[in-house]
Amino acid sequence: MAHHTSRHGMDDQMADAIAVVNECHDTCLTTISYCLEHGGEHAKAEHIRLMLDCVDICRTAAAFMLRDSALEGRICAVCAEVCDACAADCARFTGDERMQACAEVCRRCAESCRQMAASAA
């Protein structure tokens with residue numbers, strides 16, 4: 001069944017999903033600065049590139065949900081895939097609380113986006 005908002009605003013599931021993707025966007029963006037300042041493995045191009053992908057897809061997913069785009073489900077599915085990859089990449093920095101916190105936010109975002117993709121299908 002297609003997911004649609006009413007004329008009176010978005011439903012709770014969508015509002016929650018938008019909040020989660022915005023949190024993931026903000027967390028990854030601030031964590032990129034942390035990584036660049038930390039240097040070493042944290043600042044490797046592949047890692048930063050993946051985090052930037054996560055930032056951008058989260059912003060895009062929020063925009064698609066806010067305007068109730070017909071392609072929202074597809075964008076949310078891609079967002080889940082990127083967030084899963086970013087979570088795994090951040091989680092490999094064991095012993096770094098900042099990176100573990102970022103991984104957790106990315107995992108929550110991936111799960112939320114999977115639910116939105118399923119409900120939009």
Side-chain angles (χ1 to χ4, degrees):
M1 185 163 103
H3 173 78
H4 296 285
T5 57
S6 71
R7 288 181 297 181
H8 303 293
M10 67 186 77
D11 65 21
D12 289 342
Q13 181 187 18
M14 184 180 289
D16 290 347
I18 291 168
V20 171
V21 294
N22 284 331
E23 178 187 17
C24 190
H25 169 276
D26 295 352
T27 299
C28 285
L29 200 54
T30 58
T31 304
I32 289 168
S33 292
Y34 167 81
C35 288
L36 291 172
E37 289 169 8
H38 198 277
E41 280 294 313
H42 285 72
K44 290 238 173 156
E46 300 82 18
H47 175 65
I48 299 299
R49 195 174 297 120
L50 179 56
M51 292 192 74
L52 286 168
D53 287 349
C54 196
V55 166
D56 284 345
I57 197 64
C58 285
R59 180 177 51 225
T60 300
F64 273 60
M65 286 185 276
L66 282 167
R67 65 178 170 259
D68 200 23
S69 171
L71 297 174
E72 166 191 317
R74 291 173 66 187
I75 293 298
C76 285
V78 171
C79 189
E81 182 180 344
V82 174
C83 288
D84 277 336
C86 193
D89 203 43
C90 288
R92 72 187 170 89
F93 293 95
T94 56
D96 187 323
E97 287 182 26
R98 181 85 179 253
M99 299 308 293
Q100 297 308 309
C102 188
E104 180 55 35
V105 170
C106 289
R107 281 190 287 271
R108 280 198 314 270
C109 188
E111 182 55 34
S112 177
C113 283
R114 268 191 292 281
Q115 290 173 4
M116 288 306 295
S119 71

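There is a path of hydrophobic side-chain contacts, each under 4.5 Å, that joins I18 to M116. I32 and Y34 end up in different hydrophobic clusters when Ile, Leu, Val, Met, Phe, Trp and Tyr side chains are linked at under 4.5 Å.
Each ring pair (Phe, Tyr, Trp, His ring centres under 6.0 Å) pair with one or both residues in residues 94-121, not counting sequence neighbours, would appear here, but there are none.
Counting heavy atoms from C-beta outward, D89 and K44 have side chains that stay 4.5 Å or more apart.
C90 approaches C102 most closely through the heavy-atom pair SG-SG, 3.9 Å. Considering every non-hydrogen atom in both A91 and Q100, the closest pair reads O-NE2, 3.1 Å. In this structure, C83 and C24 approach most closely via the heavy-atom pair SG-SG, 4.0 Å.
Remark: T31 OG1 to R98 CZ distance equals 4.5 Å, nearest 0.5 Å. For the atom pair NE2 of H38 and CG of D96, the computed distance is 5.5 Å after rounding to the nearest 0.5 Å. Taking NE2 from H42 and CD from E37, the interatomic distance works out to 11.5 Å, rounded to the nearest 0.5 Å. With rounding to the nearest 0.5 angstrom, the CZ atom of R74 is 15.0 Å from the SG atom of C79. A distance of 5.0 Å separates CG of D68 from CE of M14, quoted to the nearest 0.5 Å.
For H47, the ring pair (Phe, Tyr, Trp, His ring centres under 6.0 Å) criterion is met by F93, not counting sequence neighbours. Residues forming a side chain to side chain donor-acceptor pair (under 3.5 Å) with Q115 (at least two apart in sequence, or on another chain): E111. The side chain to side chain donor-acceptor pair (under 3.5 Å) check on D84 picks up R114, with sequence neighbours excluded.
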Only pairs under 3.5 Å count here: list side-chain donor-acceptor contacts from residues 103-110, not counting sequence neighbours, and write none if there are none.
from, atom 1, to, atom 2, distance (Å)
E104, OE1, R107, NE, 3.4
E104, OE1, R107, NH2, 3.3
R108, NH2, E23, OE1, 3.2
R108, NH2, E23, OE2, 3.1

Please tabulate, for the side chains in residues 48-63, all donor-acceptor contacts under 3.5 angstrom to protein atoms that are two or more places apart in sequence or on a different chain.
from, atom 1, to, atom 2, distance (Å)
D56, OD1, R59, NH2, 2.5
T60, OG1, D56, O, 3.0

Given C28 and C86, is the side chain to side chain contact (heavy atoms under 4.5 Å, CB included) satisfied, shown in steps? CA-CA 9 Å; C28 285; C86 193; 4.1 Å; yes
